[in-house]
Amino acid sequence: MHVPFVDLTAQYQELAGEVHEAIVSVLERGDFILGRSLGYFEAEFAAYCEARFAVGVSSGTAALELILRGLNVGPGDEVITPAHTFIATALAITTTGARPVFVDINPQTYNIDVDQVEAAITSRTRAIIPVHLYGQPADMDSILAIARRHGLAVVEDACQAHGARYKGRRVGALGAAAAFSFYPSKNLGAYGDGGMVVTNDEQLAQAARMLRNYGQPQKYVHQIKGYNYRLDTLQAAVLRVKLRCLDSWLSARRKHAARYCEFLADLPTTLPWEPGFAHSVYHLFVIRVDQRNELMSHLSAKGIDTGIHYPIPIHLQPAFGELGYSTGSFPVTETLVGQILSLPMYPELSDDAIGYVVESIREFYL
Ligand SMILES: *Cc1c(COP(=O)(O)O)cnc(C)c1O
């Protein structure tokens, strides 16, 4: 049996008719840039996130960058974010000219350790970017309280967490703004790159709209130096079709996660932990084990694809050497990256496949 890590064609097979129709309608209208389907999708995605505004952009990284620019974060400023996240969170900060300041993670949730945030704040700090890693919301109220005390903006990196809930509310409008990614393997994936800025702040939404489109509030008037960071109408048309299925896909992910947890409970693995405030959408199902590399090879030999998200922490990446961090800077993150293993997870994953993965893990421990 072969169990892939993700299956990006299953959703296409399920929706082929509707997707074809959506694509053809854009081809026939010819409104490829900032077209009608983009406007519709933005309104629908904002509503989905229980937010007022959504601005389609070219990627999740671009969304983070435009939010920071919209908040006037730039050279000389510092932005706090967890050491354990995808590299793009930090790249969006450095692209604005600001400096990323990392904070270690909570060993149970793998999200930013709120008890260590305050110690990282300086007179140059402008914003905090909590990441809802693996689809699980960060401890937002604690982070928002710290930010209020110090006059900082909170920007959610929700690139892995479309539809996740924090104390019953969708992620996306819990802070100043949120960034989403539609990279194909994300919980809501395009047929290429895409992203979204979500916010309740009208001014920030306007800034993002202007910045994504060469900095022009109206044609040929360039108010500020902007970018070419728009979401294609074609991608928006496809994403509209897929958005209608998102909640049922998220339920399937949660069901698979519960199944994994039930069957793995008696094995020497640390399972994902959901705090009471969090309703995770399991973008990734990540376990923690001692002999991670050996287990990974064992599963690979059984035809099971797994992943490591992420093997090298950002503060130890060559690209971020100039920040002056070293081994030992963030011990929880550094230990975790040697133990984490992401198991196959996607809505169409079958019960048989989950059973096979679990039995193969059990065999490893016999
Ligand atoms: C995917 C991802 C991003 C970047 O999104 P892209 O669309 O690939 O630019 C940023 N942060 C996190 C946590 C991500 O998982």
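Both counts, for ligands and for their atoms, begin at 1 and track the order of listing.
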### Y260 reachable from I287 in the ILVMFWY side-chain graph, under 4.5 Å edges
yes
### Query
Residues in salt bridge (Lys or Arg N to Asp or Glu O under 4.0 Å) with D351, at least two apart?
R259
## Note on the structure
Using heavy atoms and a strict 4.0 Å limit, residues surrounding ligand 1 turn out to be S59, G60, T61, T85, F86, A88, T89, V131, D157, C159, Q160, S181, K186, G194
### Query
Which residues pass the side chain to side chain donor-acceptor pair (under 3.5 Å) test with H20, sequence neighbours left out?
Y12
#### Entry: Side-chain donor-acceptor contact under 3.5 Å, D104 with T333
yes
### Message
Just verifying a value: how many Å separate R69 CZ and Y229 OH, rounded to the nearest 0.5 Å?
### Response
9.0 Å
### Message
For T89, give me all partners under side chain to side chain donor-acceptor pair (under 3.5 Å), at least two apart in sequence or on another chain.
### Response
T85, D157
